[in-house]
Amino acid sequence: MASNRGASTLDIILLGPPGAGKGTQAQRLQAKRGMIQLSTGDMLREAVAKGTPVGIKAKVVMEAGELVSDAIVSALIGERLDTAAAHGAIFDGFPRTEHQADALEILLGERGRKLDHVIELVVDEEALVERITGRFTCATCGAPYHDRFHVPQVAGTCDACGGHEFKRRPDDNEQTVRTRMAEYRAKTAPILPLYEAKGLVRRVDGMLTVEQVAAAIDAILDG
Ligand code: ADP
Ligand code: ADP
Ligand code: ZN
């Protein structure tokens, strides 16, 4: 199939429970390697903020920490997939169910693409609650921070864009995090064996520092 994709263009999934570091690593890959982050969580939050029909449906589900329907998130990914064609996609927070994994395979296949790696960020569950409850992001550019683990270099100023406003997610509270983790265990973890059977899964220790995790991911992408 005709394609404007470079020989080294990769399509990868970052897989792991809430707080594993998917968004942090996806943003870095986007900034350093020009890959495109496709985060269904970000797309849904945008729809909620705009009050679109999808956003109105998704809002309550997200606030409860449950999963939004496969049809909605698969459609969102389908709409954006071509924007990442030339540079490679980082799927962040998608797929989260077996049905979504099947949908992704079809969407990529239709475009003559296939997954190159599924990178599993392996993390200790108790650490995740602390990561999630301390998480905040730049309101201007979305750069991710943490109260203890990743504060801006100059207090109150975003390292990435110089912005001064930050925000926290309404679903980043302990109760919702427990539900999100249960959803991960019940519906998302079971897709790992499917990717393992295809030889796609690469494990990274997500408990290392952000820089060490980034180096491990780079080694996989360059390997
Ligand atoms: P996810 O996208 O998987 O939900 P994030 O990338 O948003 O996770 O990370 C969750 C929180 O943990 C953020 O506040 C982030 O700054 C912090 N964080 C990310 N990676 C690490 C790491 N390796 N060590 C410590 N804190 C981290
Ligand atoms: P996390 O930090 O937990 O990885 P995300 O930003 O990826 O969070 O997702 C936030 C919420 O958005 C989820 O709890 C869920 O309600 C919804 N969501 C995001 N991606 C998906 C998806 N692929 N399938 C179903 N629901 C999703
Ligand atoms: Zn910023």
Side-chain angles (χ1 to χ4, degrees), residues 13-28 31 37-48 54-55 57-77 90-97 99-101 103-104 119-124 127-152 156-172 176-184 187-188 191 204-217:
I13 295 175
L14 293 181
L15 200 70
K22 304 180 296 294
T24 300
Q25 297 300 332
Q27 287 245 329
R28 181 189 160 278
Q37 174 188 21
L38 296 177
S39 158
T40 41
D42 287 348
M43 293 171 201
L44 289 167
R45 279 184 288 280
E46 198 182 306
V48 170
V54 161
K57 256 195 217 163
K59 186 170 189 277
V60 272
V61 181
M62 293 170 78
E63 279 172 1
E66 291 161 8
L67 292 188
V68 173
S69 82
D70 290 332
I72 286 180
V73 293
S74 301
L76 287 173
I77 284 287
I90 310 150
F91 298 100
D92 162 11
F94 180 93
R96 263 174 153 95
T97 65
H99 190 280
Q100 291 176 26
L104 179 58
I119 300 180
E120 182 191 5
L121 297 174
V122 183
V123 277
D124 160 31
L128 296 178
V129 175
E130 190 182 8
R131 280 200 193 171
I132 296 264
T133 52
R135 166 160 68 185
F136 63 97
T137 54
C138 172
T140 311
C141 77
Y145 295 98
H146 190 279
D147 292 328
R148 277 187 56 204
F149 306 130
H150 184 197
V151 293
T157 303
C158 174
D159 299 343
C161 78
H164 295 296
E165 265 186 68
F166 297 88
K167 59 184 183 186
R168 289 176 196 266
R169 281 167 46 178
D171 59 338
D172 277 351
T176 307
V177 168
R178 300 274 176 203
T179 308
R180 282 152 65 194
M181 282 177 185
E183 289 280 74
Y184 180 81
K187 296 173 186 165
T188 307
I191 68 181
V204 169
D205 181 356
M207 296 306 294
L208 301 172
T209 65
V210 171
E211 292 71 28
Q212 288 168 326
V213 174
I217 293 174

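The basis for the numbers below is simple: all heavy atoms, side chains too, and nothing from hydrogens, waters or symmetry mates. First listed ligand is number 1; within each ligand, the first listed atom is number 1.
- In this comparison of L208, T24, V210, the heavy atom closest to atom 15 (C) of ligand 1 sits on T24.
- No side-chain donor-acceptor contact under 3.5 Å links Q37 to the backbone of A26.
- Assignment of R45 to the shell around ligand 2 is supported, since a heavy atom sits closer than 4.0 Å.
- Counting only heavy atoms of the protein, atom 12 (O) of ligand 2 lies nearest to M62 CE, 3.4 Å.
- Contact annotation for L67 and ligand 2: heavy atoms of both the backbone and the side chain come within less than 4.0 Å of the ligand.
- You'll find the side chain of E183 stays beyond 4.5 Å of the side chain of R96, heavy atoms only.
- Of all heavy-atom pairs spanning V54 and A47, the tightest one is CG1-CB, 4.2 Å.
- Of the possible donor and acceptor atoms, one in the side chain of Q25 sits under 3.5 Å from a partner among the backbone N and O of V210.
- A pairwise comparison of heavy atoms in L76 and L44 identifies CD1-CD2, 3.6 Å as the closest pair.
- Of the charged side-chain nitrogens involved, none lies within less than 4.0 Å of a carboxylate oxygen, so that K167 and D172 do not count as a salt-bridged pair.
- Although no hydrogens or angles enter the test, the distance criterion places no donor-acceptor pair under 3.5 Å between the side chain of R135 and the main chain of P144.
- When side chains are defined from C-beta on, I90 does not count as touching K22, because their heavy atoms never get closer than 4.5 Å.
- Nearest protein heavy-atom neighbour of atom 8 (O) of ligand 1: G21 N, 3.2 Å.
- Between Y145 and H150, the ring planes lie tilted relative to each other; the angle falls in the 30° to 60° range.
- Angle SG(C161) to the Zn ion (ligand 3) to SG(C158), rounded to 10°: 120°.
- Taking every heavy atom of F149 and a limit of under 4.0 angstrom, the matching atoms of ligand 1 come to 25 (C), 26 (N).
- Closest protein heavy atom to atom 11 (C) of ligand 1: R131 O, 3.6 Å.
- Backbone and side-chain nitrogen or oxygen atoms of G19 are examined, and one is located within less than 3.5 angstrom of a nitrogen or oxygen of ligand 1.
- Rounding to the nearest 10°, we obtain 110° for the angle at the Zn ion (ligand 3) between C138 SG and C141 SG.
- When hydrogens are left out, the protein atom nearest atom 26 (N) of ligand 2 is V68 N, 3.0 Å; that is the closest non-hydrogen contact.
- Under the 4.0 angstrom criterion for non-hydrogen atoms, R169 is in contact with ligand 2.
- Between K187 and D70, no side-chain nitrogen of the basic residue sits less than 4.0 Å from a carboxylate oxygen of the acidic one, so the salt-bridge criterion is not met.
- In K22, the part holding a heavy atom less than 4.0 Å from any atom of ligand 2 is the side chain.
- Heavy-atom proximity to atom 18 (N) of ligand 2, evaluated over L44, L14, T40, is greatest for L44.
- Looking at R135 against ligand 2, only its side chain comes within 4.0 Å, counting heavy atoms.
- Heavy-atom proximity to Q100, at under 4.0 Å, picks out these atoms of ligand 2: 22 (C), 23 (N), 24 (N), 25 (C).
- In this structure, atom 22 (C) of ligand 2 lies nearest to the protein heavy atom R96 CD, 3.3 Å.
- Side-chain N or O atoms of T40 include one that pairs as donor or acceptor with a backbone N or O of G93 at under 3.5 Å.
- Residue contacts with ligand 1, taken as heavy atom pairs separated by less than 4.0 Å, do not involve I132 at all.
- The shortest side-chain heavy-atom distance between T176 and M62 does not fall under the 4.5 Å cut-off.
- In this structure, the side chain of R180 does not engage the main chain of P18 through any donor-acceptor pair within 3.5 Å.
- With atom 2 (O) of ligand 1 as the reference point, the heavy atom nearest to it among S39, G41, G23, G93 is part of G23.
- A heavy-atom distance below 4.5 Å is not found between the side chains of V177 and L128.
- Within the 4.0 Å heavy-atom cutoff, G16 does not count among the residues contacting ligand 1.
- Residue, atom and distance of the protein heavy atom nearest to atom 1 (P) of ligand 2 are R180 NH2, 3.6 Å.
- The atoms of ligand 1 that sit less than 4.0 Å from any heavy atom of Y145 are 13 (C), 14 (O), 16 (O).
- Counting protein heavy atoms only, atom 16 (O) of ligand 2 is closest to E66 O, 2.5 Å.
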